[in-house]
Protein chains: 2
Amino acid sequence: MAAVDLSTHPGHLARRLQQAHYLLWNTMVSEEITSPQFAVLNALVAEPGLDQRTVGERVGLDRSTIAEVISRLGRRGLLDKVRDPQDGRRSLLRLTDDGGRVHRKLTVRTARMNQVFLAPLSGDEQALFFSLIQRVSDAAEGLRNPVAPGEPAVSRAP
Amino acid sequence: MAAVDLSTHPGHLARRLQQAHYLLWNTMVSEEITSPQFAVLNALVAEPGLDQRTVGERVGLDRSTIAEVISRLGRRGLLDKVRDPQDGRRSLLRLTDDGGRVHRKLTVRTARMNQVFLAPLSGDEQALFFSLIQRVSDAAEGLRNPVAPGEPAVSRAP
DNA sequence: TAGAAATACTCAGTGCCCTGACTAATCGGG
DNA sequence: CCCGATTAGTCAGGGCACTGAGTATTTCTA
């Protein structure tokens with residue numbers, strides 16, 4: 001009677017998209033290392049020695065989740081975690097040799113997987129796909145913080 | 001050195017999009033009822049008396065997850081679950097009056113939330129956004145089953 | 001019609017994701 | 001210098017999502 005069409009609900013579509021991605025990742029990339037775990041490895045390849053909070057910021061994981069992910073990667077021996085001697089609050093992170101190897105291997109497979117995943121779209125459509133999702137996510141993210149005083153909420157015309 | 005740009009990785013973008021949505025849902029729609037829970041309520045408004053598996057199919061949740069979601073909705077008194085007398089394997093589901101009320105209330109709020117969420121996109125872009133995501137998800141979903149004999153993998157030209 | 005196959009559901013285990021409360025360390029202003 | 005605010009990380013708790021194994025029920029078939 002008053003039911004709604006979920007295919008026009010971005011949240012529902014986002015969930016389905018992620019599930020589809022999970023499926024493909026699991027079959028084409030790895031059953032051991034998850035996509036968020038790969039994102040963490042990747043962040044540490046780009047910037048070794050980052051502290052835990054910053055890694056979370058780079059890959060979009062909150063303090064609790066990043067702690068769990070890092071603990072799992074540590075258990076697998078893919079990264080090392082040491083207290084910052086300069087600031088006893090921080091944990092500094094660095095890939096092990098194994099971590100680097102795993103990252104390299106998965107980078108290749110991930111590229112292949114992305115091709116398959118995006119195959120239904122033309123090159124132009126893929127660019128559009130990225131930019132539309134990015135814009136929506138960024139805007140919503142901007143609504144999070146109550147806007148620093150003097151700062152505009154989202155982007156300002158240059 | 002060999003780090004990758006995650007902003008061109010659809011999986012990463014999908015995760016970020018869902019997080020953004022979660023955030024908005026939590027502040028604009030409900031802190032009690034989640035988006036997947038709403039999807040289940042919605043499916044039962046459209047088709048009362050559905051069995052558990054079919055509801056899962058409608059909203060895109062696997063057998064285990066749908067069981068959990070339904071158990072939570074049952075605990076809150078939003079739906080009733082009875083054994084099918086015709087087929088003792090099935091559980092038939094139906095909203096309670098309370099469930100219907102909650103669905104109506106959230107339908108309104110969800111519409112408002114979607115507007116805010118999609119505000120950064122023009123009308124044309126929103127349509128594109130839906131269709132691109134849909135196409136990618138459907139295609140990946142199509143790779144799941146090993147293709148019924150005689151049936152084409154994805155869509156067939158009409 | 002009896003046994004095999006399929007189907008609906010449950011349960012255990014793993015991982016992601018968030019909030020809110022807490023601890024420990026650092027930093028800043030009086 | 002010290003006390004209050006800020007910051008990094010941990011922990012408990014709730015919810016989503018998947019796989020693999022197990023149970024009960026139905027259905028198909030030899």
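Chain A is the first sequence line, chain B the second, and so forth, proteins listed ahead of strands; every chain is numbered from 1. All values below come from the heavy atoms of this structure, side chains included, with hydrogens, waters and symmetry mates left out.
Without hydrogens or angle criteria, A:R94 side chain to A:P48 main chain gives no donor-acceptor distance under 3.5 Å. Looking only at distances, a side-chain donor or acceptor of A:S137 sits under 3.5 Å from a matching main-chain atom of A:I133. When atom types are taken as modelled, the side chain of B:R15 and the backbone of A:G60 share a donor-acceptor pair closer than 3.5 angstrom. Without hydrogens or angle criteria, B:Q126 side chain to B:L121 main chain gives a donor-acceptor distance under 3.5 Å. The closest donor-acceptor contact from the side chain of A:T65 to the backbone of A:L61 lies at 3.5 Å or more, if one exists at all. For the pair B:R89 (side chain) and B:D84 (backbone), a donor-acceptor distance under 3.5 Å is absent.
Taking a 4.0 Å limit (strictly below) on heavy-atom distances, residues 61-68 of chain B reaches DNA chain C at B:R63, B:S64, B:A67. Near DNA chain C, meaning a heavy atom under 4.0 Å from it, residues 33-43 of chain A has A:T34, A:P36, A:Q37 in order of number. Non-hydrogen atoms lying under 4.0 Å from DNA chain C are contributed by B:K81, B:R89, B:R90, B:S91, all within residues 69-94 of chain B. At a non-hydrogen distance threshold of 4.0 Å, B:R15, B:Q19, B:Y22 from residues 7-30 of chain B come into contact with DNA chain C.
Here the straight-line distance linking atom OG of B:S91 with atom CG of B:D51 works out to 8.0 Å at 0.5 Å rounding.
Pairs of residues two or more places apart, or lying in two chains, that qualify as side chain to side chain donor-acceptor pair (under 3.5 Å) and include a residue from residues 21-47 of chain A are A:N42-A:H103, A:E47-A:R58.
Looking at which nucleotide of DNA chain C each of B:E31 and A:E32 is closest to, the 5′-most match is held by A:E32.
With respect to the salt-bridge test (charged N to carboxylate O, under 4.0 angstrom), the residues B:R135 and B:D138 do not qualify.
In the hydrophobic clustering of ILVMFWY residues, with side-chain heavy atoms under 4.5 Å counting as a link, B:L41 and B:V82 come out apart. Linking Ile, Leu, Val, Met, Phe, Trp and Tyr residues whenever their side-chain heavy atoms come within less than 4.5 Å places A:F130 and A:V59 in a single cluster.
Each of A:L78, A:L95, A:T96 was checked for a side chain to side chain contact (heavy atoms under 4.5 Å, CB included) with A:L73, and the lone residue meeting it is A:L78.
The side-chain heavy atoms of A:R53 and A:R90, taken from C-beta on, include no pair separated by under 4.5 Å.
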Could you walk me through whether B:I33 and B:R76 satisfy the side chain to side chain contact (heavy atoms under 4.5 Å, CB included) test, starting with their C-alpha distance in whole Å, then the side-chain angles of each, then the deciding distance to 0.1 Å, before giving a yes or no?
CA-CA 10 Å; B:I33 306 297; B:R76 287 176 184 280; 4.0 Å; yes
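Checking A:S7 against A:D5 by side-chain atom types alone, a donor-acceptor pair falls below 3.5 Å.
The footprint of chain A on DNA chain C, defined by a heavy-atom cutoff below 4.0 Å, extends from C:dG15 to C:dT26.
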